[in-house]
Every structure is written in structure tokens, then in C-alpha cells.
J.: 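Sharing a structure, written as C-alpha cells. Questions coming.
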Amino acid sequence: MDRRNKPSALAATPALPPQARVDLVGDRVTAVLPSGESVDILLTGATVLSWKGAVNGGEPAERLWLSEGAVLDGSKAVRGGIPVVFPVFGQSPADKATSKLPQHGLARTSRWEFLGKSTSESEATAGAGSSSAAASSNGVQLDFGLSAASADPALKALWPYDFALLYRVTLEPGSLATSVVVTNEGDKAFDFQVLLHTYLRVDDITKVGVDGLAGAPYSDKVEGFKQKVQAATGLVDITSETDRVYVPAQGAAQPLTVLEGGAPRYGVKRDNLSDVVVWNPWADKTKSIGDFAPKDGYKNMLCVEPGSVSSWTTLEPGEAYEGAQAITLL
Ligand code: BG6
């Protein structure tokens, strides 16, 4: 019998789009997209160790620099990848509540909890067109948590505030985004700084330039925190030890581009992270960094670190703050 409105054949039902594969093995979370692009995260510090990303559907390649001497057993902060710096950047001033904490705070050496995964859709395709078109660009979000209750007790004792951190790592074709939400769950206000200490992989540091910082004031840590202003035009070149805290007038609204040999490689967008640290230890300083290997590895990395570090953010009880970066392959 020929029925009108008969159910459409099962075969016409759209197949589930290919999904990311996510595995938690030991103290590592790995996610692989159908494109082969991947991310690898260590529970120590929720440190992204590896991001293999592809440009325009090409072959995935490593985009982060990780020292061959990095200690990955949780006993030390990871040298490379993307450590999370909280609640203090660098050595704490003696008059702040963070004064007893080690350099860069407590988050990067604490063991975080993996809270789970969800799917993500890139802005470019979300809600646009057919479900399969959107699905083809599906990515994955991985959530990690750290709180006063779960942080390393020895470190927590040095900074007695009831904080909670939610860190989300979003992998999509051609991009990696990381965001951190800081919540004050206690009954007293606290001040904090936060920074995403991203070690970008480059082929040859002498050919690298950073666009987006022209005219920006900065503190030059190599020259005792001397206050300087970046030239009004051109790129930031890296030709010697570089350790600068840029405070661009446009704040987080200013996008950054990392170029190599004049060609754009990475686009960095920031949300609520108004400062940018640019760090490369160069040949001499590298010799004094025990876990930095190989010693000429400085030629293959540049830290471009979105942060909120030139001042302090105060969180009242119950308040939350969110800061984020999105790195796109160009
Ligand atoms: C950068 C700082 O963010 O991190 C540098 O500006 C510091 O001063 C660098 O040397 C690495 O820090 P650490 O603690 O990982 O050796």
C-alpha cells in the first residue's frame, strides 16, 4: 500500500557526526578530533602538553613547545605547553597575601580534577546551515577543576583562601582555546593574578615577530622592570633574552598575530586578559634553567602569555572572574 506521510527510510536518517575521542589514562587526558588534531593534558596543573593542529585541513603538526627535560611526574611545574599561573605571577610582592607562594603560584603544580567533556561548535558554523555542516566542524571541550579543597595542601596552607578554578580547554579544527573561571567561595575577599603561560612552537625564533603590541607600554624584566614603550610601528622582534609585561592600551580587545618569516602563523585573541607577557630566555639564561632541553630549544619557542598580571583583581565573596585566550592557526 502506498501511504502518504510514510516514515522516511532509516537510511535517510542523518548519521551521527564523527565525534572526538577522549581518553583519561593515568594522569593524562587526550582528545583526538576526527581530523586527527589532538590535545594532551596533564592533570598536574591541567597543563596542556601538546596541541597538534592543522591549517585548512592539512596534516596536524605540533604547535606547542615542550622541553625534552620537562618533569611530568607532578613533582615540578611543566617546562612547556600551557601552564596556568594563579594566584600570583612571578615572585610575589612581599606585602601581598600571596607572598609565601612560590613563583607563579599554586595552580601549575597542583593536581587538577578532570570534570568531563562536551562537544563544541565553532562560531563560524554554529547554527548555520545543516546539522552535518555544523557537525563537521565539531570540536571538544575538556573541563578541569581545582579548589582550595583539592589543591596541594602544602601550597594551600600558604594562601588560605577558599577559591575554585574551572579551566576549559576547547579543541576545534585549526584552533585551541583555554579559559579559566576563578570563583571566591569563601567569606573573605582575595586579590589574584592569572596568566596562561603559552609556549608557542616556532621554527626559527630569529624570524619571528609579534604584531599587535606596537606603541604598548611594557615593563622590561630583563632590565630590572624598567618601564618602556614599544616602537609605534612594526613587530616585536626577539633577538636576545626577552621578558616583558606588555600592557596594551586597548587591553584584551587588541588581537595579536605571531608571524614567522613575515607569514602569519598564530592569531591570539584574548578575553578579559588585558596584559601580554612575551618571554624567550635565549642562549645564556637557558643554561641556568635545569629542565630546559635541548639547550638550543629557545630557538623553537616563544611564550606569548595572555594574563591579568600588571595589577590585581579583587574578588569579593561569591564573585567570579573569567579570562580566556583563543589561538588560531593561520
Ligand atoms: C615568564 C616570566 O612568564 O615565566 C619569566 O615573565 C620567567 O620571568 C618565566 O622566567 C618562566 O618561569 P618559570 O618559573 O617557569 O621558570
Side-chain angles (χ1 to χ4, degrees), residues 42 44-49 64-93 98-110 152 155 158-159 178 180 192-202 205 210 213 216-228 230 236 238 240-248 256 258 268 270 273-295 297-298 300-312 323 325 327:
L42 187 72
T44 300
T47 311
V48 179
L49 298 177
L64 299 176
W65 183 85
L66 177 66
S67 168
E68 290 172 13
V71 177
L72 305 179
D73 65 3
S75 63
K76 199 177 186 324
V78 175
R79 176 69 57 206
I82 313 181
V84 178
V85 168
F86 173 89
V88 60
F89 167 70
Q91 295 287 343
S92 174
T98 46
S99 64
K100 296 193 183 115
L101 286 171
Q103 158 129 325
H104 292 337
L106 54 75
R108 66 176 181 163
T109 47
S110 289
D152 179 336
L155 288 171
L158 303 176
W159 191 67
T178 75
V180 62
F192 72 93
Q193 298 177 322
V194 64
L195 169 134
L196 304 172
H197 200 307
T198 311
Y199 288 73
L200 294 174
R201 172 169 279 279
V202 298
I205 190 66
V210 182
L213 297 170
Y218 67 93
S219 169
D220 192 341
K221 293 177 75 174
V222 176
E223 290 189 39
F225 297 87
K226 191 168 174 191
Q227 297 302 306
K228 300 184 179 175
Q230 184 64 36
V236 175
I238 318 294
S240 59
E241 182 186 351
T242 303
D243 192 357
R244 301 175 181 174
V245 182
Y246 283 93
V247 186
L256 308 172
V258 178
V268 182
R270 296 168 290 133
L273 297 172
S274 50
D275 308 325
V276 181
V277 175
V278 177
W279 181 62
N280 183 296
W282 215 253
D284 281 347
K285 179 80 181 284
T286 296
K287 289 181 198 146
S288 67
I289 306 178
D291 58 358
F292 199 109
K295 288 302 173 198
Y298 72 89
N300 301 119
M301 50 79 58
L302 179 64
C303 284
V304 177
E305 314 165 24
S308 175
V309 297
S310 60
S311 60
W312 296 78
Q325 67 171 348
I327 310 167

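Just so you know, ligand 1 is whichever comes first in the structure, and atom 1 is the first atom listed for that ligand.
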J.: Give me the nearest non-hydrogen protein atom to atom 1 (C) of ligand 1 as residue plus atom name, then the distance to 0.1 Å.
T.: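 Looking at atom 1 (C) of ligand 1, the protein heavy atom closest to it is His197 NE2, 3.3 Å.
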J.: Val277 heavy atoms, cut-off 4.0 Å: which ligand 1 atoms fall inside?
T.: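 Contacts of ligand 1 toward Val277, numbered from 1: 3 (O), 6 (O).
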J.: Quick one: nearest non-hydrogen protein atom to atom 5 (C) of ligand 1, plus distance?
T.: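 Of the protein heavy atoms, Asp243 OD2, 3.1 Å lies nearest.
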J.: Give me the residue, atom name and distance of the protein heavy atom closest to atom 3 (O) of ligand 1.
T.: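 The closest heavy atom on the protein side is Glu305 OE1, 2.7 Å.
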J.: Please could you name the atoms of ligand 1 that Gln103 approaches to less than 4.0 Å, counting only its heavy atoms?
T.: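 Heavy-atom distances to Gln103 below 4.0 Å select 7 (C), 12 (O), 13 (P), 14 (O).
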J.: Does the separation of the ring centres of Phe292 and Trp65 fall below 6.0 angstrom?
T.: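 Under 6.0 Å, so yes.
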J.: Is any side-chain heavy atom of Leu72 closer than 4.5 Å to a side-chain heavy atom of Thr44?
T.: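 Of all side-chain heavy-atom pairs linking Thr44 with Leu72, none is under 4.5 Å.
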J.: Distance check, rounded to the nearest 0.5 Å: Thr198 atom OG1 versus Leu302 atom CG?
T.: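 The OG1 atom of Thr198 sits 10.5 Å away from the CG atom of Leu302.
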J.: Can you list the atoms of ligand 1 that are under 4.0 Å from a heavy atom of Lys221?
T.: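 Those of ligand 1 that fall under 4.0 Å from Lys221 are 2 (C), 5 (C), 6 (O), 8 (O).
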J.: Checking contacts here: is it the side chain or the backbone of Arg108 that comes within 4.0 Å of ligand 1, counting heavy atoms only? Could be both or neither.
T.: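 Within the 4.0 Å criterion, Arg108 contacts ligand 1 through side-chain atoms alone.
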J.: Which atom names give the shortest non-hydrogen contact between Val268 and Pro306, and what distance separates them?
T.: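 Scanning both residues, the minimum pair turns out to be CG1-CG, 4.2 Å.
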J.: Nearest 0.5 Å, what's the CG-SG distance between Leu196 and Cys303?
T.: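 Taking CG in Leu196 and SG in Cys303, the distance rounds to 12.0 Å.
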J.: List ligand 1 atoms under 4.0 Å from Phe89, heavy atoms only on the residue side.
T.: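 Per the distance check, 3 (O), 6 (O).
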J.: For the pair Phe86 and Trp159, name the ring-plane relationship: parallel under 30°, tilted 30 to 60°, perpendicular over 60°.
T.: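 Answer is perpendicular, since the angle exceeds 60°.
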J.: Which residue and non-hydrogen atom of the protein lie closest to atom 16 (O) of ligand 1, and at what distance in Å?
T.: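 Its nearest protein heavy-atom neighbour is Arg79 NH2, 2.9 Å.
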J.: Between the main-chain N or O of Val245 and the side-chain N or O of Ser219, is there a donor-acceptor pair closer than 3.5 Å?
T.: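 Between the backbone of Val245 and the side chain of Ser219 there is no qualifying donor-acceptor contact (under 3.5 Å).
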J.: Looking only at distances, can you tell me whether any N or O atom of Tyr199, backbone or side chain, sits closer than 3.5 Å to an N or O atom of ligand 1?
T.: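 The answer is no, given that Tyr199 and ligand 1 share no N or O pair closer than 3.5 Å.
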